[in-house]
Amino acid sequence: MTMKVKLSKYPLVNGIFISRPNRFIAKVMINQEEIAAHVPNTGRMSELLVSGVRAILAWNPGPHRKTDYTLLLVEKDGHWVSVNSMLANQIAYEFLKAQADVSELKQEVTYGNSRFDLACLRGSHYAYYEVKSVNLVVNEIAMFPDAPTERGAKHLAELIRAHQEGYHTGVIFVVQRNDAKSFQPNQIMDPKFSRLLGQCHSLGIEIRALSCDIDGVNIEIISELPVTVLSEETVKEV
């Protein structure tokens, strides 16, 4: 399984991460100059955004941007990790596009009063997918979320509703690093999300986790990870 996506269409720049004053801004040292960069991820990422780690940024100045740079990668234990949550949708799109039974693949599709990341035909069945970006790995286990996410729980509840109305539904966890051997929800951080994911599994909703490798220019799907879903009663392996 090899599907590459470019990290950015803009020039890439090396730097050293310094600090994150707020959710949306990072301070990074580039050529001995401290600059501000946009952080395209609202997760905590406290184990990744450590002062002194190597970073890669995209240089994209514009009249409507508050910064000229976007933080894309940081190094963790010798591995590049993507912090760009928007990239996960592109990766999942390429993954589904390569499936033999998928056609009419679309992004950002309205469903009722909400919107799903991806929709397509799987054979003759219309399907909706939610995509989640994962960059937390603990003891070789990729986990989501790294902070409580009411929005994420809402998305799973909407997938369940669509499933009950007869649609094929699924959630794709894109692990934007290469050092995980399995995936499970972060039950301690967000029990509600974990319970809802367990309910998705019980209903037969598709749950997949993709492991990715990053070479500093591209991100590439390298394998699917085994998924373990947690419930109050038991631990189930998908």
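Here the structure is a predicted model, which means the values were calculated and not measured.
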inquiry  = Once rounded to the nearest 0.5 Å, what's the spacing between atom CG of Leu105 and atom CG of Leu96?
reply    = 6.0 Å

message = Let's go through Glu94 and Lys97 carefully: what are the C-alpha distance in whole Å and the side-chain angles of both, what is the deciding distance for salt bridge (Lys or Arg N to Asp or Glu O under 4.0 Å) to 0.1 Å, and is it a yes or a no?
response = CA-CA 5 Å; Glu94 294 299 322; Lys97 188 170 74 171; 3.4 Å; yes

ask   = What are the two closest heavy atoms between Ala88 and Val131, and how far apart are they?
value = O-CG1, 3.6 Å

request  = Please report the C-alpha distance between Lys154 and Arg151 in whole Å, then the side-chain angles of each, then the deciding distance to 0.1 Å, and finally whether the side chain to side chain contact (heavy atoms under 4.5 Å, CB included) criterion is met.
outcome  = CA-CA 5 Å; Lys154 177 176 177 285; Arg151 186 167 177 265; 5.6 Å; no

inquiry  = Could you see if Leu71 belongs to whatever hydrophobic cluster contains Ile56? Use Ile, Leu, Val, Met, Phe, Trp, Tyr and a side-chain cutoff under 4.5 Å.
reply    = no

ILVMFWY network linking Leu7 to Phe95, side-chain heavy atoms under 4.5 angstrom = yes

query = How close do Cys212 and Val174 get, heavy atom to heavy atom, and via which atoms?
reply = SG-CG1, 3.9 Å

query = Between CE of Met143 and OG1 of Thr228, what distance do you get to the nearest 0.5 Å?
reply = 10.0 Å

note = Val53 meets the side chain to side chain contact (heavy atoms under 4.5 Å, CB included) criterion, sequence neighbours left out, with Phe17, Val50, Val74

inquiry  = Show the nearest heavy-atom pair for residues Gln176 and Ile214, with the distance to one decimal.
reply    = O-CD1, 3.5 Å

request  = Quick one: pull up NZ in Lys27 and CZ in Arg20 and give me the separation to the nearest 0.5 Å.
outcome  = 13.5 Å

query = Taking atom OG of Ser82 and atom CD1 of Ile219, what is their separation to the nearest 0.5 Å?
reply = 5.0 Å

inquiry  = Is there a side-chain contact between Leu210 and Glu224 in this structure, where contact means two heavy atoms from C-beta onward sitting under 4.5 Å apart?
reply    = yes

Sequence neighbours excluded - ring-ring contact (aromatic ring centres under 6.0 Å, His included) pairs with any residue from residues 181-200 = Phe144-Phe193, Phe173-Phe183

Side chain to side chain contact (heavy atoms under 4.5 Å, CB included) between Ile172 and Asp117, intermediate numbers included = CA-CA 10 Å; Ile172 301 174; Asp117 292 317; over 6 Å; no

Which donor-acceptor pairs under 3.5 Å do side chains of residues 58-66 form with protein atoms, sequence neighbours excluded?
residue	atom	partner	partner atom	Å
Arg65	NE	Asn60	O	2.8
Arg65	NE	Thr67	O	2.9
Arg65	NH2	Thr67	O	3.4
Arg65	NH2	Tyr69	O	3.2
Arg65	NH2	Thr70	OG1	3.0

Atom pairs and distances, side-chain donor-acceptor, residues 164-171, under 3.5 Å, sequence neighbours left out:
residue	atom	partner	partner atom	Å
Glu165	OE1	Tyr111	OH	2.6
His168	NE2	Tyr129	OH	3.4
His168	NE2	Glu206	OE1	2.8

request  = Indicate yes or no for a side-chain donor-acceptor contact from His163 to the backbone of Leu203 under 3.5 Å, with no hydrogens or angles considered.
outcome  = yes

inquiry  = Quick one: does any side-chain atom of Asp146 pair with a main-chain N or O of Met45 as donor and acceptor, under 3.5 Å?
reply    = yes

message = Does Leu159 form a side chain to side chain contact (heavy atoms under 4.5 Å, CB included) with Phe116? I'd like the steps, not just the answer.
response = CA-CA 9 Å; Leu159 283 178; Phe116 289 121; 3.6 Å; yes

ask   = Between Leu12 and Gly216, which heavy-atom pair has the shortest distance, and what is it?
value = CD1-O, 3.4 Å

query = Val83, Ile91: one ILVMFWY side-chain cluster at the under-4.5 Å cut-off?
reply = no

task = Please check if atom CG in Asp215 has more than 12 non-hydrogen atoms from other residues, nucleotides or ligands closer than 6.0 Å.
result = yes

ask   = Is there a side chain to side chain contact (heavy atoms under 4.5 Å, CB included) between Leu57 and Leu72 once you walk through the steps?
value = CA-CA 5 Å; Leu57 305 90; Leu72 299 180; 5.6 Å; no

ask   = If you look at every heavy atom in Val109 and Ala119, which pair is closest and at what distance?
value = CG2-CB, 3.6 Å

query = Apart from Ile16 itself, what residues make up its hydrophobic cluster when side-chain heavy atoms of I, L, V, M, F, W and Y under 4.5 Å apart count as a link, directly or indirectly?
reply = Ile18, Met29

Asp190 side chain vs Thr149 backbone, donor-acceptor pair below 3.5 Å = yes

query = Can you name the nearest heavy-atom pair linking Cys200 to Ile160, along with the distance?
reply = SG-CG1, 3.8 Å

message = Quick one: does any side-chain atom of Asn218 pair with a main-chain N or O of Lys4 as donor and acceptor, under 3.5 Å?
response = no

request  = Can you establish whether the number of heavy atoms outside His125 located under 6.0 Å from its atom NE2 is more than 12?
outcome  = no

key: Partner of His155 by side-chain hydrogen bond (donor to acceptor under 3.5 Å, both in side chains), out of Arg115, Glu150, Glu130   = Glu130

query = Does the Arg195 side chain pair with the main chain of Gly198, one donor and one acceptor, at a distance under 3.5 Å?
reply = no

query = Can you tell me how far CD of Glu75 sits from CG of Leu48, rounded to the nearest 0.5 angstrom?
reply = 11.5 Å

task = Could you list all the side-chain hydrogen bond (donor to acceptor under 3.5 Å, both in side chains) pairs where at least one residue sits in residues 33-52, not counting sequence neighbours?
result = none

task = Look at atom CG of Asn139 and say whether more than 12 heavy atoms of other residues, nucleotides or ligands are closer to it than 6.0 Å.
result = no

query = Once you round to the nearest 0.5 Å, how far does CZ of Arg161 lie from CG of Leu156?
reply = 13.5 Å

ask   = According to a 4.5 Å side-chain heavy-atom criterion applied to Ile, Leu, Val, Met, Phe, Trp and Tyr, with indirect links allowed, do Tyr126 and Ile205 form part of one hydrophobic cluster?
value = yes

message = Same cluster or not: Leu136 versus Leu225, using hydrophobic residues (I, L, V, M, F, W, Y) connected whenever any side-chain heavy atoms lie under 4.5 Å apart?
response = no

request  = Would you check if the side chain of Ser85 reaches a backbone N or O of Pro40 as a donor-acceptor pair within less than 3.5 Å?
outcome  = yes

